[in-house]
Amino acid sequence: MRTIVIRRVSGSGRLVPAGSVENLCRHPPLTHRLAVMTDGDWPTDPALLRTLAAAGLPAAGRFVPKAGWVSRVWVGDEYVVRLTKGQFRGAYRHEAEVVGLLVGSQVPHARQLAHGDGPDGPWYISERLPGRSLHEAWPAADLPTRQTIIESLGAALRELHRVAVPAGLLPPWLADALASDKPWPAFHPPVVSATLEQVEAARRLPGHDARLLADVADWIQERLPLFAADDLVLVHGDLHGSNVMVDQGRVTGLIDFAEALAQPADAELDTILRWCARAREFPPTPDGRGLDETTLTEAPGWLHGAYPELFEREQLRERLNFYDMYSELALHAHHPRPDVREAAQDRIARLLAGHNHLDRLTW
């Protein structure tokens with residue numbers, strides 16, 4: 001088990017890892033801004049208790065268990081505890097590294113309190129942000145509030161893309177997946193330099209469509225020069241309604257940086273615009289429901305107004321189509337379910353004909 005060093009910061013009443021003292025001092029505790037939780041239970045789950053003990057945090061207050069795609073989550077009065085079985089190697093360590101890059105920036109985010117590995121798997125504890133997820137807040141929000149939320153998101157993204165990023169930043173689990181022929185879900189942000197590798201991976205599939213993949217390879221080769229002079233920035237990589245926290249019409253934090261990587265800034269639009277066009281495919285939990293995409297019709301335009309630089313690249317639509325091609329190729333080549341691979345192949349053929357979900361959007 002990893003040893004975590006904890007210190008109590010004078011005057012804060014909060015226990016944090018030794019390496020986070022400066023971060024805590026820069027950002028005063030948010031306890032007075034947090035809504036009081038009226039549901040949930042005092043922590044009794046053995047895994048939660050073991051994780052809190054490993055972090056040196058008190059098992060006090062109420063914790064609400066939340067379902068997740070790959071994590072068990074408990075939302076407490078002051079912090080959020082996440083626990084996984086480690087199926088994505090180094091995900092929390094990578095997230096801690098990325099959140100560390102945000103220290104001193106204007107990017108709204110949840111400060112990391114501690115992370116480590118234990119008998120129940122890797123764990124990560126962060127402060128609890130005010131408000132609730134955009135996914136939860138959106139249905140009841142009126143039109144002006146929705147516009148304010150998206151404009152606030154645009155401001156947050158601009159600040160994120162200004163953060164200095166190490167060259168080659170890539171989640172360890174994603175590096176593993178790209179280097180392997182083993183099946184995996186393949187939902188991840190685009191990696192421009194690995195696009196042709198996805199064609200080769202698809203060619204190793206039994207019964208692959210050789211002519212289609214030859215056309216795809218040519219299509220990619222024609223468009224790769226669009227990215228030759230790009231500056232790489234810190235891209236969140238998984239921005240949709242469940243990974244944005246909002247309160248009173250403003251973004252209080254971007255969360256879940258496990259997929260963050262160094263890519264061109266407009267790669268951020270790949271997930272955001274797919275979410276706007278196909279929101280029902282982004283439920284917060286496996287048994288949940290995504291938003292009605294008709295309620296997101298205005299969102300791309302609002303985002304454009306708040307962060308116009310993100311949309312000002314030459315041949316933006318071709319660049320966005322390229323990111324989409326990468327995403328569909330990754331699904332077609334790697335997803336374990338044949339029906340998902342087949343659906344991705346159909347979308348690849350449609351994209352070669354010049355059409356995809358972006359046809360339904362305006363910005």
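Values reported hereafter were calculated over all heavy atoms of this structure, with side chains retained and with hydrogens, waters and symmetry mates removed. Keep in mind it's a predicted model, so treat the numbers as computed, not measured.
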Checklist line | Verdict with reasoning, Arg317 to Asp359, per salt bridge (charged side-chain N to carboxylate O under 4.0 Å, His left out) | finding: CA-CA 10 Å; Arg317 177 60 190 263; Asp359 297 344; 2.7 Å; yes
Checklist line | Trace of the ring-ring contact (aromatic ring centres under 6.0 Å, His included) decision for Trp173 with Phe88 | finding: CA-CA 5 Å; Trp173 61 267; Phe88 293 95; 5.2 Å; yes
Notebook entry, point to check: Is there side-chain contact between Val244 and Ile149, with at least one heavy-atom pair below 4.5 Å?
Noted result: no
Next item on the list: Taking atom CZ of Arg360 as the centre, report whether more than 12 heavy atoms of other residues, nucleotides or ligands fall under 6.0 Å from it.
Entry: yes
Check: With distance as the sole test, does His240 use its side chain to make a donor-acceptor pair with the main-chain N or O of Pro284 at under 3.5 Å?
Finding: no
Notebook entry, point to check: Can you find a pair of side-chain heavy atoms, one from Thr84 and one from Arg72, that are under 4.5 Å apart?
Noted result: no
Notebook entry, point to check: Would Tyr323 end up clustered with Leu170 when hydrophobic side chains under 4.5 Å apart are linked, directly or stepwise?
Noted result: no
Notebook entry, point to check: Do Asp270 and Ser327 have a side chain donor and acceptor closer than 3.5 Å?
Noted result: yes
Note to self: To the closest 0.5 Å, what do you measure between CG (Leu157) and CG (Leu254)?
What the structure shows: 6.5 Å
Note to self: Under 3.5 Å, is there a donor on one side chain and an acceptor on the other for Thr195 and Gln198?
What the structure shows: no
Check: Between Val163 and Val165, is there a shared hydrophobic cluster once you connect ILVMFWY residues whose side-chain heavy atoms come closer than 4.5 Å?
Finding: yes
Check: Would a distance-only check, ignoring hydrogens and angles, find a side-chain to backbone donor-acceptor pair under 3.5 Å from Glu259 to His236?
Finding: no
Margin query: Using modelled atom types and a 3.5 Å cut-off, is there a donor and acceptor pairing between side-chain atoms of Arg82 and backbone atoms of Trp123?
Written below: no
Note to self: Ring centres under 6.0 Å, that's the criterion: do Tyr124 and Phe257 meet it?
What the structure shows: no
Check: Looking only at atom types and distance, does a side-chain atom of Glu127 sit under 3.5 Å from a main-chain N or O of Gln112, one as donor and one as acceptor?
Finding: no
Item checked: Pairwise distance CG(Asp230) to CZ(Phe227) - rounded to 0.5 angstrom -> 6.5 Å
Check: Is the distance between the ring centroids of His161 and Tyr307 less than 6.0 Å?
Finding: yes
Notebook entry, point to check: What are the two closest non-hydrogen atoms of Leu205 and His332, and how far apart are they?
Noted result: CD1-O, 3.2 Å
Margin query: Keeping His94 on the side-chain end and Ala91 on the backbone end, is there a donor-acceptor pair under 3.5 Å?
Written below: no
Check: Are Tyr92 and His115 an aromatic pair by the rule of ring centers under 6.0 Å?
Finding: no
Next item on the list: Identify whether NZ of Lys or CZ of Arg in Arg223 sits under 6.0 Å from the centre of the six-membered ring of Trp219 and within 45° of that ring's axis.
Entry: yes
Notebook entry, point to check: Is there a donor-acceptor contact under 3.5 Å from the side chain of Thr51 to the main chain of Ala47?
Noted result: yes
Notebook entry, point to check: Is Leu234 reachable from Leu269 through a run of hydrophobic residues whose side-chain heavy atoms are each under 4.5 Å from the next?
Noted result: yes
Check: Is Arg158 paired with Glu309 through a side-chain N to carboxylate O contact shorter than 4.0 Å?
Finding: yes
Next item on the list: Kindly say whether Val192 contributes a backbone atom to a donor-acceptor pair with the side chain of Gln263 at under 3.5 angstrom?
Entry: yes
Next item on the list: Return the orientation label for the Trp363 and Phe311 ring planes: parallel under 30°, perpendicular over 60°, tilted otherwise.
Entry: tilted
Check: Under 6.0 Å between ring centres, would you say that holds for His135 and Phe282?
Finding: no
Note to self: Return the CD to CD distance between Gln345 and Glu328, rounded to the nearest 0.5 Å.
What the structure shows: 11.5 Å
Next item on the list: Identify whether Leu352 and Leu196 are in the same connected component of the hydrophobic contact network (ILVMFWY, side-chain heavy atoms under 4.5 Å).
Entry: yes
Note to self: When you group the ILVMFWY residues by side-chain heavy-atom contacts below 4.5 Å and let the links chain together, are Trp138 and Ile272 in the same group?
What the structure shows: yes
Notebook entry, point to check: Should Ser105 and Arg162 count as side-chain neighbours, where that means a heavy-atom distance under 4.5 Å?
Noted result: no
Notebook entry, point to check: Do Leu329 and Met325 come close enough that some side-chain heavy atom pair is under 4.5 Å?
Noted result: yes
Item checked: Spacing of Leu331 atom CG and Trp184 atom CH2 [to the nearest 0.5 Å] -> 8.5 Å
Checklist line | Backbone N/O of Val251 and side chain of Ser152: donor-acceptor pair under 3.5 Å | finding: yes
Notebook entry, point to check: Salt-bridged, Arg50 to Asp45, with N to O below 4.0 Å?
Noted result: no
Margin query: Applying side chain to side chain donor-acceptor pair (under 3.5 Å) to Glu151 and Thr148, what does each step give before you reach the verdict?
Written below: CA-CA 5 Å; Glu151 290 172 347; Thr148 300; 4.9 Å; no
Check: Sub-3.5 Å donor-acceptor pair from the side chain of Asn243 to the main-chain atoms of Asp238, do we have one?
Finding: yes
Next item on the list: Measure from the side-chain N and O atoms of Arg319 to the backbone N and O of Leu226, and report whether any donor-acceptor pair falls under 3.5 Å.
Entry: yes
Notebook entry, point to check: Roughly how far, to the nearest 0.5 Å, is CD of Glu222 from CZ of Phe322?
Noted result: 11.5 Å
Margin query: Going by side-chain hydrogen bond (donor to acceptor under 3.5 Å, both in side chains), name the residues that satisfy it together with Asp209, two or more places apart in sequence or in a different chain.
Written below: none
Margin query: Counting neighbours of CD on Glu318 that are heavy atoms of other residues, nucleotides or ligands and sit closer than 6.0 Å, is the number greater than 12?
Written below: yes
Checklist line | CD on Glu281 to CZ on Arg274, rounded to 0.5 Å | finding: 8.5 Å
